[in-house]
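Computed from a predicted model, the values in this text were never measured in an experiment. Numbers restart at 1 for each chain; the letters A, B, ... are given by sequence-line order, proteins then strands.
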Amino acid sequence: MEFAELIKTPRADNVVLHRPFYLAVEGTLCLTGHHLIFSSRRQDNAEELWLLHSNIDSIEKRFVGSLGTIVIKCKDLRIIQLDIPGMEECLNIASSIEALSTLDSVTLMYPFFYRPMFDIVEDGWRCFLPDQEFELLTSVVMMRSSQPLTGTNGRRCKEDEKLINATLRPGKRGYIIDTRSLNVAQQARAKGGGFEQEAHYPQWRRIHKCIERFNILQESLIKLVEACNDQSHNMDRWLSKLEASNWLTHIKEILTAACLAAQCIDREGASVLVHGTEGTDSTLQVTSLAQIILDPRCRTIRGFESLVVREWLQAGHPFQQRCAQSAYSNSKQKWEAPVFLLFLDCVWQILRQFPCSFEFNEQFLIMLFEHAYASQFGTFLGNNENERSKLKLPQKTMSLWSWVNRSEELSKFQNPLFEANSLVIWPSVAPQSLQLWEGVFLRWNRPSKFLDEAHEEMINIIKYNKELQAKVNALRRQLAEMETDERMQENL
Amino acid sequence: MEFSELIKTATVENVVLSCAGLPAVKGTLCITSHHLLLSSCPGGDSQPGTMELWLLIRNVDAVEKRVQNLGWYQPPRTNGSPGDTRLAASSGTITLRCKDLKVLQLEIPGMEECLNIASSIEALSSVDSVMMLYPFFYRPQSLKLEEGWHLYPLEQYFQQISSQTSQWRLSNVNQDFTTCPTYPGTVIVPAAVDDDALRKAARFRQGGRFPVLSYYHPKNGTAMLRSSQPLTGPNRRRCREDELLLGTVLDEEERGFIIDTRSAQAAKQARMSGGGTEPKSFYPKWRRLHRPLERGRPLQESFIKLVEACNDSSISMDRWLSRLDSCRWLSHVKAALSTACLAAQCLDREKVSVLVHGAEGTDTTLLVTALAQLILEPSCRTLQGFQGLLQREWIEAGHPFHLRCAHSAYSHARLKQEAPLFLLFLDCVWQLSRQFPFSLEFSEQLLLTLFDSAYASAYGTFLCNSEKERCLCKVKESTHCLWAWLNQPGERKKYLNPLYTHNPLVIWPSVEPQSIQLWQGLFLRWIRSSQYLDEAWAEIQHLVESSKALGKESRGSRLSQSLSDPTARVESER
């Protein structure tokens, strides 16, 4: 397929771009195979907007006379509006965007065409290989799996029993955290699934912690974003919509299960096995968050990247399916779900409660959210390692980490307040302590100018501080040398 | 009255103090006239003789006691002999709910001791006479009594205005507090109106609160005035002097806005009880806008419900959000900010003058005028400027602190005139500080301290309901001023925002419901540990300081200076 076939009108002039909190600007709109580009050529403030087609979640068109208006809603939750003169142009552009933003084939995605303009210091495809990441096993472990296939007949498997028993310390019991309710787990038996029978796993105690999945989460996201975009200026309405979305309830459930897993390991010294049904969604939320709570290394930039690679990408979270659409889509496919976004939100909640314990900042988490849904990098393409290797992603696309792990990018993502904290950090999961992640959900609905400025100022202060500190150190050395010289001369 | 009469048991040994988030400590409990002290036992877990608790008894909002008997002994239900020695085997628990929202628990061996202590605390915390309160006894060594009381004279504020315009004058019409018992002796009024007219206008306004200047906006030469409602009553009484007073504020073609903080209906109903609104026919240049703001009992109940919801430790997310919604506190915050924005907008964008009033003019009126100034005026956003604003627009303007802050969210006492208007104001200021993290020179810590001090304090600043009462009680002669204490270099530092940079612009807050947040620093202060947030704050402070210090130093030419503090300290800490 040629992209050119899909682009009937590649360019339109006198288009007006509307964005919240900005003045409307007039300019030229261009469509390419992967981007929508808007450039205003006004001399006083020339600016360009580049939008990946794959970032477009939904598009709406309407007409007033021959003036067409396209409203574009993005997966990163931004909403922009384009006024396009000429009905035909507008229709052409809208249908091109629709087609280009819903390409089916992975190999037509932008990462396969993107050629970076930066020097690669370190190839991100190679920096988190499993054997490098294999660490010394301590006596207490956390494992993950999918549900056992016990079925209605209570089938058992000696090897499975042996495998997980091998992780127990003598005389110690372990915990199985099932991320489904007991009811759901029992029902799963009818479809061939099930849970570990006490009789066959006598050393394990099973705890059910229900975490929602699939369309329930997707609907929660859709409702939340709708509430955030509500313009009715009514506090009651906002709070009841926030409540009805259930988003914060999901955050609380996930964090609670993660704390429980961490508690079993840290306080009880017991091994833990986590699973739900497939073991690719809520299971990974729990295991990765538990590691952030327990292990200070996961709170560094490098460690967090490694955690995402190990516990999400390699562990087989189906990113392509789950992140196919975001909050504005009408498709409502059952495999779409903001599982990864919920994980990032939970990390943000912990970060907010422990502002000095993380090497990265909120921007880092927002960046990962954006790239999981639409990216020039191949990192989040495919649903598992098998698919990725078939697509030859390491050879054909650039890794997100190759781009992030360069000092000019890293500096944007560093938390200036970071001081390595070797302790376990127990977040409060009380409803009163959990907050809406404004950085993602109100990002485009609020004038963030002052908050951004505050952040920039912090970074400047820290930079300035470091420079001056270096200067002082140099001067101090100089003084010490001079004093030594003086003393030597006195001695002479 | 002697305090000692109220103290039946002054000392109890082996009392266990527990408080959410902290390990329990055992020690000796002492009650003095104004304080509850607990010093831990030597040889206990903590340092011998450490003072673990130093609580101003005035801070106690509610005392709950529970006595239980240990062991086998069941006292007879009737005819229980009080002298029965076996009662000593009993113990009691006292829960102290404080006005600053902290909750403490004391386990006291001995039922009688427990009951005595509880009743002493109850009696001492509800002492009604202002002059018996702690500020009249508190004598810190580092301060002088008169210090700080005259830091922000109205004359000084007037000088700034008179350098811009001659439209206003200072009037001493209320020197003896007879014209208006809740105004200070000196007020700023239109230059064209004489004191006689003021006296007449005062008789036409509830409580004598005739229109006075609250703020002059130099950019447009517009003014914000405040007053109480006019006493038009059912017969539509009018007062030429009041009409004249408001008329002279506006030039020939100018129009003004009256922001009434009651609903149109409430304002109409007020006529039945002698109050009312300015009729259009007699005040043709003024347009009235109604922006209802909650006050009085509904506001106090909103506060109580919010604190209840915050303290509920077994609440689900749904329940929490619906209780947060149904208590309506955030709606009140939003409404107060919106109305303040409206007033600010009139002055700054519409270039018209504004009169703000509700009924008495001592509550929501001050909330609006003080917030509008913070939005408009950069000099109100410094630590000094904010103190000046509070002094002028809350304390001297006659907000009845003594009545409004008599009880906080825990009290079981029948509600009288309590209402957390000042807290609502502080919450709105906090919302501003969150949206403009650079523009306020003071930190959240100052807002917390002000909240605490308004409800219970060692200083006299928030005592009484008006300047008249402060005069009668000799507050300025016999108590210390909070500002004097806050402004000591060592203290001042604690209340500064390290990120502050002067912002000459008007700061327009977002009042969308999505932008208004629960003030966790206040409402969850004693529920969640803020240790990590405090550390982050300290780190920011530290970074900014050392960067300033380093900046100065590197400019200095003397090499050896670089070896002295504070850089040396920075190095050794790293």
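- With a threshold of 4.5 angstrom between heavy atoms, A:Asn246 approaches chain B through side-chain atoms but not through N, CA, C or O.
- Close placement of the A:Phe441 and A:Trp247 rings is indicated, their centers lying within 6.0 Å of each other.
- For the set A:Gln432, A:His233, A:Glu243, the entry with the most heavy-atom pairs within less than 4.5 Å of chain B is A:Gln432.
- Using a 4.5 Å cut-off between heavy atoms, A:Ala227 touches chain B through its backbone atoms (N, CA, C, O) alone.
- Looking at A:Gln353, the atoms closer than 4.5 Å to chain B (heavy atoms on both sides) all sit in the backbone: N, CA, C or O.
- Of all non-hydrogen atoms in A:Ile251 and A:Cys346, the two that sit nearest each other are O-SG, 3.9 Å.
- A:Ala327 approaches A:Leu221 most closely through the heavy-atom pair CB-CG, 3.9 Å.
- Both the backbone and the side chain of B:Leu324 have a heavy atom closer than 4.5 Å to some heavy atom of chain A.
- When the candidates B:Ser314, B:Ser313, B:Ala335, B:Ala536 are compared by the number of heavy-atom contacts under 4.5 Å with chain A, B:Ala536 comes out ahead.
- At a 4.5 Å heavy-atom cutoff, A:Arg237 makes no contact with chain B through either its backbone or its side chain.
- When heavy atoms are compared at a cutoff of 4.5 Å, B:Gln514 approaches chain A by way of both its backbone and its side chain.
- Per-residue heavy-atom pair counts under 4.5 Å with chain A were compared for B:Asp325, B:Asp312, B:Leu518, and the maximum is reached by B:Asp325.
- Contact of B:Ser326 with chain A is not made at all, since no heavy-atom distance falls under 4.5 Å.
- For A:Ser428, the part lying under 4.5 angstrom from a heavy atom of chain B is the side chain only.
- Aromatic ring centres of B:Tyr532 and A:Phe354: separated by under 6.0 Å.
- By the 30° and 60° cut-offs, the orientation of the rings of B:Phe523 relative to B:Trp329 is perpendicular.
- Contact between A:Pro338 and A:Gln218 at its shortest, heavy atoms only, is CD-OE1, 3.2 Å.
- Aromatic ring centroids of A:Phe360 and A:Phe304 lie under 6.0 Å apart.
- Aromatic ring orientation, B:Phe386 versus B:Phe425: parallel (interplanar angle below 30°, classes split at 30° and 60°).
- Heavy-atom pairs under 4.5 Å with chain A peak, among B:Arg328, B:Glu535, B:Arg319, at B:Arg328.
- Across A:Leu248 and A:Leu436, no two heavy atoms sit closer than the pair CD2-N, 4.2 Å.
- Contact annotation for A:Leu242: both backbone and side-chain heavy atoms come within less than 4.5 Å of a heavy atom of chain B.
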